[in-house]
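Working notes, beginning with the structure itself.
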Amino acid sequence: MYNEAEGATMTNGKTATLAGLRYFIRTFGCQMNENDSEHMAGVLVQAGARPADSPESCDILIVNTCAVRKKSEEKLYSYLGRLATLKKKRPGLVIGIAGCVAEIHQAELFGRKPGPDFLIGPDRYQDLARVVAQASRARSLETGRDGLWHEFGPEAVIRESPVSGYVTIMEGCDNFCAYCVVPFARGREKYRPLPNIVREVEDLARRGYLEVQLLGQNVNSYRDPETGRPFAALLKAVAAVEGPSWLRFITSHPKNFTNETIEAMGGSPKVCRELHLPLQSGSTAVLERMNRGYSRDLYLDLVRRLRRALPGLSLSTDIIVGFPGETEEDHRATLDVLREVRFANIFSFRYSPRPLTAAARLADDVPADVKARRLVEVQALQKSIQLELHRSFIGRILTVLVLGPSKKGGRLLAGRSEGHQVVNFVPAVEDVGRFAQVCVTSAGPYSLRGEEALTA
Ligand code: SAM
Ligand code: SF4
């Protein structure tokens with residue numbers, strides 16, 4: 001498929017090694033992975049490739065993987081099975097696996113038949129065009145880390161959303177929570193220079209973006225590598241950029257949340273009154289074994305301080321059930337915290353042992369049926385809390401960032417409120433990529449429904 005004669009010099013001075021080829025990227029995982037895929041797309045476009053609409057119509061197919069939970073890996077392997085059929089029909093198709101699974105399961109992936117043509121780890125995306133070009137001749141492997149920050153710059157990002165833009169501020173994680181594979185897959189923390197972050201936000205502002213989401217595994221441990229200025233200073237610098245009206249950041253670690261950050265949030269109306277603050281467990285004993293670095297009381301104290309400084313703050317969290325040694329009492333402690341904090345949303349998971357982690361050496365001793373039952377209890381309780389919270393919005397007018405057509409169909413549009421609730425509504429005008437004032441008319445546990453209020 002790759003023809004060196006097709007190489008040409010692009011307007012940006014780079015050699016268009018992939019000119020004429022079409023790429024398709026399938027992303028598994030969280031916003032960080034989505035943003036990585038946007039960077040990979042940027043690198044491919046700079047090398048002359050163009051996006052394809054489907055795996056069937058592309059020349060280069062990249063699967064961006066997530067290794068955080070066993071379930072995400074299982075989904076990946078079933079997807080790879082389907083790709084094997086495609087490869088049989090079109091042997092010229094170059095298939096690559098990117099991301100965390102590529103980094104930690106190299107031998108297993110290359111051992112598959114037919115295996116991928118290349119593997120590329122999360123720290124190597126700047127070399128993607130070269131790796132793809134090589135892979136059409138021989139299997140190619142690009143993993144490992146050099147500990148340096150690799151700047152992509154706004155010009156090398158092909159964004160999925162024209163309304164809300166992700167901006168990566170740091171990579172990796174130093175926390176080594178006992179259950180988590182991220183520090184092994186993505187390496188130690190490294191921070192993006194503050195001026196580069198501001199430059200990217202300014203670029204989004206010029207292009208009319210209404211929302212900016214700062215991304216990192218552990219955003220509030222951010223330090224500008226040049227000056228040492230902390231996350232609070234970054235937040236202020238980004239909030240000072242004229243243009244985008246809403247600013248969010250994810251993920252924050254409770255143990256790194258400083259008063260300075262709370263003040264910086266309170267000091268700018270642009271910082272959405274919404275925060276994802278992973279709890280993981282409501283039991284101090286389990287938190288200790290997880291190596292989370294905070295107790296239940298410290299977490300609850302932080303929630304109180306945040307709510308005092310930021311009235312109306314909407315909180316979401318992550319919960320793991322069935323961590324090794326979790327007793328019924330520990331589980332009830334988690335349910336108690338859910339009742340006390342009344343999160344607006346939670347992401348809840350059954351513990352699964354991950355390779356290389358400290359917890360993988362512990363006995364996975366909570367039986368599968370107990371984990372399943374605890375997960376159901378957590379989700380049922382949360383569902384009832386969310387329904388109550390959502391019903392309290394009925395009759396109120398919310399500002400909604402309009403993102404696109406609603407999954408509910410009809411002429412409904414969908415967007416997010418400042419508190420990050422999904423709002424499906426009957427629009428007054430069809431346009432997306434704007435803010436709308438929506439009167440909430442009904443509510444379910446997972447979304448709100450309303451009608452756009454006519455403004456004078
Ligand atoms: N850095 C963030 C943090 O500190 O919470 C998020 C990391 S991880 C990508 C997202 C979530 O996956 C975690 O918060 C945790 O709840 C869940 N998770 C990670 N490892 C897991 C495991 N081995 N089993 C079940 N859930 C896991
Ligand atoms: Fe994983 Fe813990 Fe780091 Fe989050 S803070 S990425 S859970 S090690």
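As a basis for the values below, the full set of heavy atoms in this structure was taken, side chains included, without hydrogen atoms, waters or symmetry mates. For ligands, and for the atoms within them, numbers begin at 1 and follow the listed sequence. The shown structure was predicted, so the numbers you read here are calculated from the model rather than taken from an experiment. Residue indices begin at 1 and follow the sequence shown.
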Would you mind running through ligand 1 and noting each atom that sits below 4.0 Å from a heavy atom of [X]?
{"X": "R354", "result": "23 (N)"}
{"X": "T251", "result": "2 (C), 3 (C)"}
{"X": "S352", "result": "22 (C), 23 (N), 24 (N), 25 (C)"}

- Task: Would you verify whether the NZ or CZ of R26 falls within 45 degrees of the ring axis of Y79 while also being under 6.0 Å from that six-membered ring's centre?
- Result: yes

- Message: Tell me whether the NZ or CZ atom of R69 lies within the 45° cone about the ring axis of F349 and under 6.0 Å from its centre.
- Response: yes

- Query: In terms of side-chain geometry, is the basic nitrogen of D301 or R305 positioned less than 4.0 Å from the acidic oxygen of its partner?
  - Reply: yes

- Query: Do R130 and E142 meet the salt-bridge criterion of a basic N to acidic O distance under 4.0 Å?
  - Reply: yes

Minimal non-hydrogen separation, [X] against [Y], with atom names:
{"X": "L148", "Y": "D146", "result": "N-OD1, 2.9 Å"}
{"X": "E418", "Y": "V271", "result": "OE2-O, 4.2 Å"}
{"X": "V181", "Y": "R354", "result": "CB-CB, 4.0 Å"}
{"X": "R396", "Y": "S392", "result": "CD-O, 3.8 Å"}
{"X": "E242", "Y": "K270", "result": "CA-NZ, 4.2 Å"}
{"X": "P269", "Y": "G267", "result": "CD-O, 4.1 Å"}

Starting at [atom1] of [X], measure out to [atom2] of [Y] and round the result to the nearest 0.5 Å.
{"X": "T251", "Y": "H276", "atom1": "OG1", "atom2": "NE2", "answer": "5.0 Å"}
{"X": "L214", "Y": "I197", "atom1": "CG", "atom2": "CD1", "answer": "7.0 Å"}
{"X": "L194", "Y": "Y222", "atom1": "CG", "atom2": "OH", "answer": "4.5 Å"}

Please state which part of [X] comes within less than 4.0 Å of ligand 1, counting heavy atoms only: side chain, backbone, both or neither.
{"X": "R69", "value": "side chain"}
{"X": "P278", "value": "side chain"}
{"X": "Y179", "value": "both"}
{"X": "R292", "value": "side chain"}

- Pocket residues around ligand 2 (non-hydrogen, under 4.0 Å) come out as C173, N175, F176, C177, Y179, C180, V182, P183, Q217, H253, R292

Can you tell me which residue and heavy atom of the protein come closest to [atom], and the distance to 0.1 Å?
{"atom": "atom 11 (C) of ligand 1", "value": "D318 OD2, 3.4 Å"}
{"atom": "atom 6 (C) of ligand 1", "value": "Q217 OE1, 4.2 Å"}
{"atom": "atom 8 (S) of ligand 1", "value": "V68 CG1, 3.9 Å"}
{"atom": "atom 15 (C) of ligand 1", "value": "Q280 OE1, 3.5 Å"}
{"atom": "atom 25 (C) of ligand 1", "value": "R350 O, 3.3 Å"}

- Item | Nearest neighbour of atom 27 (C) of ligand 1 from the list N218, V182, I320, on a heavy-atom basis | I320

- Take every heavy atom of K70, measure it against each atom of ligand 1, and state whether any distance is under 4.0 Å. no

